[in-house]
Chemist: 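This structure is in structure tokens; I'll ask about it shortly.
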Amino acid sequence: MIYSNRIWISGADGRLGSKLVEMLNPVDVEILATDKDTVDVSVSSEVINFADRNRPDYIINCSAITDAGRCEEDNDEAFRTNGLGARNMAVAANRINAKLIHLSSDDVFDGMAEFPYKEYDETKPKSCYGKSKLFGEKQVMSFCSRYFIIRSSWIYGAKYRRVEEIIEKAKNGEDILVPTNQFAAPTSAKELAKFIIYIMETTEYGIYHAVCQGSCSRKEFAEKILEFKGLEANVIETEDIVDASFRPDYSVLDDFILRITGNYEMPQWEEALEEYINTIK
Ligand SMILES: NC(=O)c1ccc[n+]([C@@H]2O[C@H](COP(=O)([O-])OP(=O)(O)OC[C@H]3O[C@@H](n4cnc5c(N)ncnc54)[C@H](OP(=O)(O)O)[C@@H]3O)[C@@H](O)[C@H]2O)c1
């Protein structure tokens with residue numbers, strides 16, 4: 001339960017942002033929801049003016065260019081939004097003494113590990129998306145004192161349509177194509193939003209990995225969706241999915257800091273997925 005105050009959610013039209021808007025009870029808090037059309041995070045003056053005028057107590061930065069292919073095509077736009085956007089939010093938060101909750105990604109790692117990545121492991125992004133997200137993390141650490149950097153992976157739910165697309169294809173008797181050899185922890189937007197709402201009330205600042213427990217391949221993820229929905233289809237691995245070729249092969253995150261502090265436990269990915277599937281009509 002959040003007792004105060006005013007929360008600015010940037011990137012509020014996106015998958016996670018829209019789920020946060022839905023879950024934060026507007027009776028308890030005042031929500032300021034913006035997206036690119038209202039406050040472009042890459043424009044410093046827009047961010048500072050909005051923060052100065054509204055003085056939120058919390059800023060949750062969900063805004064980003066998340067399409068890895070689009071980032072490769074336009075590096076400047078990726079760094080402007082994911083890097084300088086993060087800097088602008090950090091400067092604004094510091095200026096008004098707000099807490100900043102900044103979202104980051106498993107793509108800051110190279111995907112070559114054999115064990116799940118912990119928060120302190122070496123970052124080495126291979127894609128422009130990953131590099132811009134890592135640059136954003138560093139900007140937050142440099143320009144803001146009260147921050148939570150939250151890395152997650154394979155977020156589904158809310159406006160994320162991939163789960164629904166798999167179900168639709170199966171119902172139409174189509175094959176389901178998934179990238180070969182990619183492993184991570186699918187994480188429901190709802191579970192991630194619950195964690196964000198919990199952690200932002202604390203003063204335990206720093207970097208967190210927040211993903212559902214366990215891990216799977218893209219193929220296993222698709223097959224589990226079909227199993228929970230009682231559907232059958234061929235799930236075929238392919239190298240021909242463009243966006244996927246920019247993603248790390250193995251990007252399983254370990255919620256190490258949450259585990260050693262005993263503060264919070266994310267559910268198993270299958271459990272969260274089943275709950276989500278049961279909400280789909
Ligand atoms: N989705 C995942 O699997 C995943 C995994 C790990 C981490 N994350 C991180 O989690 C956060 C939220 O992800 P998400 O999946 O909710 O992303 P999303 O659905 O792509 O939403 C991001 C939102 O930010 C908006 N945006 C883009 N440029 C902006 C700008 N200059 N100013 C303000 N808003 C802007 C986007 O608008 P447009 O759609 O018009 O561009 C979109 O509405 C991001 O930081 C992402 O990097 C996501």
Side-chain angles (χ1 to χ4, degrees), residues 8-23 32-47 50-51 59-71 73-74 76-90 92 100-109 111 117 125 127-137 139-140 147-163 179 182 184-193 195-196 207-212 218 221 243-244 246-248 251-253 255 269:
W8 175 15
I9 301 173
S10 172
D13 292 345
R15 290 159 264 215
L16 180 62
S18 58
K19 182 51 81 178
L20 277 160
V21 172
E22 181 192 312
M23 286 176 64
L32 309 167
T34 66
D35 208 87
K36 191 169 180 176
D37 52 344
T38 31
V39 181
D40 182 339
V41 294
S42 67
V43 182
S44 167
S45 58
E46 284 191 28
V47 173
F50 188 86
I59 301 177
I60 309 180
N61 184 23
C62 301
S63 60
I65 307 289
T66 54
D67 179 333
R70 185 171 153 197
C71 291
E73 275 168 25
D74 192 343
D76 293 3
E77 187 195 23
F79 275 86
R80 224 181 280 126
T81 305
N82 299 346
L84 297 180
R87 178 201 66 185
N88 296 338
M89 298 300 262
L100 175 64
I101 300 93
H102 175 75
L103 272 297
S104 192
S105 167
D106 53 332
D107 290 62
V108 298
F109 296 110
Y117 290 99
S127 67
C128 175
Y129 171 64
K131 287 174 188 165
S132 66
K133 291 299 290 180
L134 181 60
F135 182 59
E137 288 188 3
Q139 299 293 300
V140 167
Y147 65 81
F148 303 90
I149 292 174
I150 297 173
R151 296 183 186 139
S152 196
S153 65
W154 292 9
I155 301 171
Y156 63 85
K159 294 186 177 173
Y160 188 41
R161 305 296 303 161
R162 196 169 296 164
V163 172
Q182 283 190 358
T187 299
S188 90
K190 180 179 172 190
E191 291 301 333
L192 183 56
F195 167 67
I196 290 170
I207 301 185
Y208 289 88
H209 288 177
V211 294
C212 286
R218 292 273 188 193
F221 183 49
D243 192 56
F246 303 119
R247 300 283 182 188
S251 62
V252 181
L253 302 182
D255 299 344
W269 73 266

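Because the structure is predicted, anything quoted here is derived from the model rather than measured. In each ligand, atom 1 is the first atom listed, and ligand 1 is the first ligand listed.
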Chemist: State if G136 counts as touching ligand 1 under the rule of any non-hydrogen atom under 4.0 Å.
Modeler: no

Chemist: Measuring from the heavy atoms of V39, does anything fall under 4.0 Å of ligand 1?
Modeler: yes

Chemist: So does G111 get a backbone contact from the side chain of Y117, meaning a donor-acceptor N/O pair under 3.5 Å?
Modeler: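 Present.
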
Chemist: Mind checking what makes salt bridge (charged side-chain N to carboxylate O under 4.0 Å, His left out) contact with R247, not counting sequence neighbours?
Modeler: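 Only D107, D243 meet the salt bridge (charged side-chain N to carboxylate O under 4.0 Å, His left out) criterion with R247.
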
Chemist: Less than 3.5 Å between some nitrogen or oxygen of S153 and one of ligand 1, yes or no?
Modeler: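 No, there is no polar N/O contact under 3.5 Å.
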
Chemist: If you take all heavy atoms of Q139 and A86, which pair is closest and at what distance?
Modeler: CB-C, 4.5 Å

Chemist: Work out which heavy atom in L253 is nearest to a heavy atom in V211; give both atom names and the distance.
Modeler: O-CG2, 3.4 Å

Chemist: Considering only heavy atoms, does T81 approach ligand 1 within less than 4.0 Å through its side chain, its backbone, both, or neither?
Modeler: side chain

Chemist: Can you find a non-hydrogen atom of G85 under 4.0 Å from ligand 1?
Modeler: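 No, G85 has no heavy atom closer than 4.0 Å to ligand 1.
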
Chemist: Just heavy atoms, cut-off under 4.0 Å: does D107 contact ligand 1 by side chain, backbone, both, or neither?
Modeler: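 It is neither part, as no heavy atom is under 4.0 Å.
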
Chemist: Using non-hydrogen atoms of the residue, decide whether R70 is closer than 4.0 angstrom to ligand 1.
Modeler: yes

Chemist: Can you tell which part of S104 has a heavy atom less than 4.0 Å from ligand 1: side chain, backbone, both or neither?
Modeler: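 The answer is the backbone.
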
Chemist: Looking only at heavy atoms, is any part of R80 under 4.0 Å from ligand 1, and if so is it the side chain, the backbone, or both, or is it neither?
Modeler: neither

Chemist: Restricting to side-chain hydrogen bond (donor to acceptor under 3.5 Å, both in side chains), what partner residues turn up for S251, sequence neighbours left out?
Modeler: D106

Chemist: Side chain, backbone, both or neither: which applies to Y156 and ligand 1 if a contact is any heavy-atom pair less than 4.0 Å apart?
Modeler: neither

Chemist: Closest by any non-hydrogen atom to atom 6 (C) of ligand 1: pick that one out of S63, S152, A86.
Modeler: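 Selected option, by shortest heavy-atom distance: S152.
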
Chemist: If only atom types and distance count, is the side chain of E46 paired as donor or acceptor with the main-chain N or O of D40 below 3.5 Å?
Modeler: yes

Chemist: Minimum distance, heavy atoms only, to atom 20 (O) of ligand 1: which one of D37, I150, T66, N61 is it?
Modeler: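 Shortest heavy-atom distance from atom 20 (O) of ligand 1: T66.
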
Chemist: From atom 8 (N) of ligand 1, work out which of L253, I155, D13, L192 has a heavy atom at the shortest distance.
Modeler: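 The residue whose heavy atom sits nearest atom 8 (N) of ligand 1 is I155.
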
Chemist: Say whether, by atom type as modelled, one donor and one acceptor occur between the side chain of D67 and the main chain of G69 under 3.5 angstrom.
Modeler: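 Here the side-chain-to-backbone pair exists.
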
Chemist: Check for a donor-acceptor pair, side chain of T81 on one end and backbone N or O of A78 on the other, with a separation under 3.5 Å.
Modeler: no

Chemist: For atom 24 (O) of ligand 1, which of the options G14, S42, A64 provides the nearest non-hydrogen atom?
Modeler: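 Checking each option, the heavy atom nearest atom 24 (O) of ligand 1 is found in A64.
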
Chemist: Is the closest N or O pair between D35 and ligand 1 shorter than 3.5 Å?
Modeler: yes

Chemist: Would you call E77 and R70 a salt bridge, using N to O less than 4.0 angstrom?
Modeler: yes

Chemist: Going by heavy atoms, is Y129 under 4.0 Å from ligand 1?
Modeler: yes

